[in-house]
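Worth knowing before you read on, the calculation uses all heavy atoms, side chains too, and leaves out hydrogens, waters and symmetry mates. Letters A, B, ... are given to chains in the order of the sequence lines, protein chains preceding strands, and every chain is numbered from 1.
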Amino acid sequence: MYAIKERLRTAAGAAVESLYGVRETPQIQATHKDHSGDLTLVLFPLAKYKLGAVEALGEAVGKKMLEFTPEVREFNVVKGFLNLTLSDEYWQSVLARSEDDDFFRPPPRREKVMVEYCSPNTNKPIHLGHMRNMAIGEAVCRILEAAGAEVVRACLFNDRGIHICKSMLAYQDAGGDDSPEKSGLKGDHLVGNYYVEFEKKYRAEVKELVESGIPEAVAENDAPSMKRCRQMLLDWEAGEARTRALWKKLNDWVYEGFQQTFERYGIRFDLLLYESELWQRGKTAVLQSLQAGAFYQKDDGSVWIDLANEGLDQKLVLRSDGTTVYITQDIGVADHKDELHRPDRSVYVIANEQDYHMKVLKLTLQRMGRKYADGLVHLSYGMVDLPTGRMKSREGTVVDADDILQEMYDTAKAATDELGKTESLSSEELCVLYETLGQGALKYFLLKPEPAKRIVFNPAESIDFKGHTGTFIQYVHARACSVLRKAQGLSPDDGGAGPFHELEIAMLKQLAAFSETVGEAAEKLNPALVAHRVYDLAREYNRFYYELPILKAETPALVARRVKISRLTARAVRFGLSLLNIQAPEKM
RNA sequence: GGUCCCUUAGCUCAACCGGAUAGAGCAUCGGAUUUCUAAUCCGACGGUUACAGGUUCGAGUCCUGUAGGGACUGCCA
């Protein structure tokens, strides 16, 4: 649709200039559904030249278009809107081009993009919030690739720090020789359980101290478990052998658990970054920039950046004892990423609770003279909340990723079995199907809303399989595939099939609009646009399928054309879902 | 106090650079299968786009203000 829109717009601009001598290229958009036509030129802006009534201008431009633009079959004017109807020859040419490999792809972008997403802490399992992050991150990668960009998928493991020591400490105290093999638990779940154990014990200590009259803030600092935890962090930083060995053992278990979840979810990273290897790198950079005058130092030795000119506050970048803080580490990681891959853009898929932090990071890097900082993009998304509010691991209200994947599988199985139309599938194929449907529903649920909006997930209500869902779209794929299976051996020649039915044109419009949507989604880093497009296309096909005979159409040529539209639909749906990291089943 | 995000039908979400009578799904009610997969389709019901101003041929969309919800603003990560 790119090409025709641009052509008509240019033609209209030329018509306006030849008629009135003014240079004004009108906007073009899809024609409103209640008016006849396919594309509409908006002529209101011509009013400012005082050339006469806009209706008269529309008539004149329309006549020119009809005369000189073969794609236009007829036109009508409503107020300042010039509605154009495209010719059957044009639609025939779309159909002829449709088999091209790049029919659904936008003009290629020449850029290298690094996308960092997921980035979990290694003290507890992945939860539903990460799943939204991964759904968005992976979809953005796939969309960018479809748009011709080179993509590097990066994941940063927050594998060191006080929170890691918490699970280590609890394991050291009560773990004995517990292990994933012995407990039968995935490594990340096992370690997560010890993290919860720590929090329980620690909270009890704090409560006891508070009851003995100590203020809560002091109690939180002075509780014995917390003191030991801080000591453990110091030991870790000093490289103390036993602490390091324990750290490595638990983290390796966690990584193995994460890997299983990533695989099941259909995700693989190109670049794994470990905070434990990079956390000190930012310090040198900060000290250099301090000398260069980008930062200032207080009397106690701490280093700060003043962002008052940008409407923000002062921000600490190095502690008085010379140790690093979160943003120091991020500076180091950013340098590291740039050095490794020199991406044109570096996208951070991180929840909107870090909007402020990411703003500070970008400004700080710019202040430090990092040219690559201009290419930093924070892809911010809303959190996944429960009806009761935020998920809190401490309170045990997190929705675990592995649990929800299993629940989706079970729900898909129950729904499929109830319908009972899968006799032709083997038990292996059925397992794949349940997984495909369960994840399709889940991922679509996570990707459908605009990333910026927060999502409320109610564990008591299962995610829908009907209506505006992933399942609906998958169903259309299965339906179209069924038609294609039955069409094998029929003549593929769609020549002379006669004028297009309006429902055929509606389908062709959806198919032709696809590449434009992918381009826009890549531009805006917004998978929801693809999600909506593929749904609209699926809905249109259901109408087409219901209203028109395909295999029993009047003539062989017409059968061939409608089969071709079905094949295109299946291809578009498969492609669109693949951009969302969702599988398209051939039967369901 | 400061920075930012969100608010559209009972519920969950759309609305392409500002464009025509704001559209879908769920729920409710009614209809469609001798025919290519009914996880579907068609219809009905449902709106002062939180509120008040402003900009203009035209505002859900842009600007200002107000209200409500949320996040951040730690020598935690």
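Syn is the conformation of B/C17, whose glycosidic angle sits no further than 90° from 0.
For A/E429 and A/K587, the salt-bridge test fails: no basic side-chain N is under 4.0 Å from an acidic carboxylate O. Ion pairing of A/E237 with A/R160 is present here, as a side-chain N (NZ or NE/NH1/NH2) and a carboxylate O approach within less than 4.0 Å. Taking the charged nitrogens against the carboxylate oxygens, A/K48 and A/E24 do have a contact shorter than 4.0 Å, which makes a salt bridge.
Between the side-chain ring of A/Y356 and the base of B/A71, no stacking contact exists by the 5.5 Å and 30° definition. The side-chain ring of A/F44 is stacked on the base of B/G19, judged by centre separation under 5.5 angstrom and plane angle under 30 degrees. A stacking contact links A/H35 to B/A20: the aromatic ring centre lies within less than 5.5 Å of the base's six-membered ring centre, and the planes differ by less than 30°.
Distances from the side chain of A/K79 to the nucleotides B/C4, B/C75, B/A20 place B/A20 closest. Ranking B/C41, B/A71, B/A39 by closeness to the A/K466 side chain, first place goes to B/A39. Set against B/A24, B/C17, B/A20, the side chain of A/T31 has B/A20 as its closest nucleotide. You'll find that the side chain of A/S482 is closest to B/U37, out of B/U21, B/U37, B/U35. Nearest nucleotide to the A/W304 side chain, out of B/A38, B/A77, B/C75: B/C75. Of the candidate nucleotides B/U21, B/C72, B/G25, B/G25 has the atom nearest to the side chain of A/H468.
Residue contacts for A/D300: at a heavy-atom cut-off of 4.0 Å it reaches a base atom on one of the strands shown. Using a 4.0 Å heavy-atom cutoff across all strands shown, A/M383 reaches no nucleic acid atom at all. Within the nucleic acid shown, A/T323 has no heavy atom closer than 4.0 Å to any nucleic acid atom. Within 4.0 Å (heavy atoms only), A/Y326 reaches at least one base atom of the nucleic acid. Residue contacts shown for A/V42 include a base, since a base heavy atom lies under 4.0 Å away. Across all strands shown, A/N83 has heavy atoms under 4.0 Å from base atoms, whether or not it also approaches the sugar-phosphate. When heavy atoms are screened at a 4.0 angstrom cut-off, A/L437 is found touching base atoms of the nucleic acid. A/A478 comes within 4.0 angstrom of a base, heavy atoms only. No engagement by A/K298 is indicated, since no non-hydrogen atom pair under 4.0 Å with the nucleic acid exists. Using a 4.0 Å heavy-atom cutoff across all strands shown, A/E586 reaches at least one base atom of the nucleic acid. Using a 4.0 Å heavy-atom criterion, one finds that A/Q27 contacts the bases of the nucleic acid, with or without backbone contacts as well. Within the nucleic acid shown, A/K48 has no heavy atom closer than 4.0 Å to any nucleic acid atom. Looking at heavy-atom distances under 4.0 Å, A/L548 makes contact with a base. Using a 4.0 Å heavy-atom criterion, one finds that A/Y545 contacts the bases of the nucleic acid, with or without backbone contacts as well.
Here the P atom of nucleotide B/A71 and the CE atom of A/M358 are 20 Å apart, to the nearest Å. B/A27 atom C1' lies 15 Å from atom CG of A/N458, rounded to whole Å. Whole-Å rounding puts the A/W279 CH2 to B/C76 C1' distance at 14 Å. Rounded to an integer number of Å, the gap from A/R533 CZ to B/A24 P is 15 Å. Residue A/H357 contributes atom NE2, which lies 18 Å from atom P of B/C4 at whole-angstrom precision. To the nearest angstrom, C1' of B/C75 lies 13 Å from CD of A/Q329.
Of the two residues near RNA chain B, A/I162 and A/F81, the one whose nearest nucleotide lies more 5' is A/F81. Both A/A528 and A/H163 lie near RNA chain B, and the one whose nearest nucleotide falls closer to the 5' end is A/A528.
Between A/Y326 and A/H357, the two ring planes are parallel [angle under 30°; tilted spans 30° to 60°]. The aromatic rings of A/Y296 and A/W304 lie parallel to each other, their planes meeting at an angle below 30°, with 60° marking the opposite boundary.
Spacing of P atoms, B/G68 relative to B/C51, comes out at 15 Å, to the nearest Å. Spacing between B/G31 and B/G18 at atom C1', rounded to whole Å, works out to 40 Å. Atom P of B/A24 sits at a distance of 37 Å from the matching atom of B/A67, rounded to the whole Å. Nucleotides B/A32 and B/A38, compared at atom P, are 16 Å apart to the nearest Å. B/A22 sits 31 Å from B/G69 when the P atoms are compared, rounded to a whole Å. Of the C1' atoms belonging to B/U61 and B/C17, the separation is 11 Å, rounded to the nearest Å. Across the P atoms, B/U7 and B/U12 are found 12 Å apart, a figure rounded to whole Å. B/A27 sits 42 Å from B/U64 when the P atoms are compared, rounded to a whole Å.
With a 4.5 Å cut-off on side-chain heavy atoms, A/Q354 and A/L361 do not count as touching.
Under 3.5 Å, the side chain of A/K421 and the base of B/U37 form at least one donor-acceptor pair of N or O atoms.
Counting only distance, with no hydrogens or angles, the side chain of A/T323 and the backbone of A/R319 share no donor-acceptor pair below 3.5 Å.
Between A/K453 and the phosphate of B/U12, there is no side-chain N or O to OP1/OP2 separation shorter than 4.0 Å.
The nucleotide B/U66 finds its pairing partner in B/A50, both defining distances of the Watson-Crick or G-U wobble pair being shorter than 3.5 Å. Using N1 to N3 plus N6-O4 or O6-N4 for Watson-Crick, or N1-O2 and O6-N3 for G-U wobble, each under 3.5 Å, B/A71 pairs with B/U3. If you check B/G60 for Watson-Crick or wobble pairing at under 3.5 angstrom, you find it has no partner at all. Base pairing of B/C26: its partner is B/G10, meeting the Watson-Crick or G-U wobble criterion (both donor-acceptor distances under 3.5 Å). Under the Watson-Crick or G-U wobble criterion, with both distances below 3.5 Å, B/U33 is left unpaired in every strand shown.
Under the 6.0 Å cut-off for aromatic ring centres, A/H163 and A/Y195 do not qualify, their centroids lying 6.0 Å or more apart.
Taking the centre and axis of the six-membered ring of A/Y545, the NZ or CZ atom of A/R479 falls inside the cone set by 45° and 6.0 Å.
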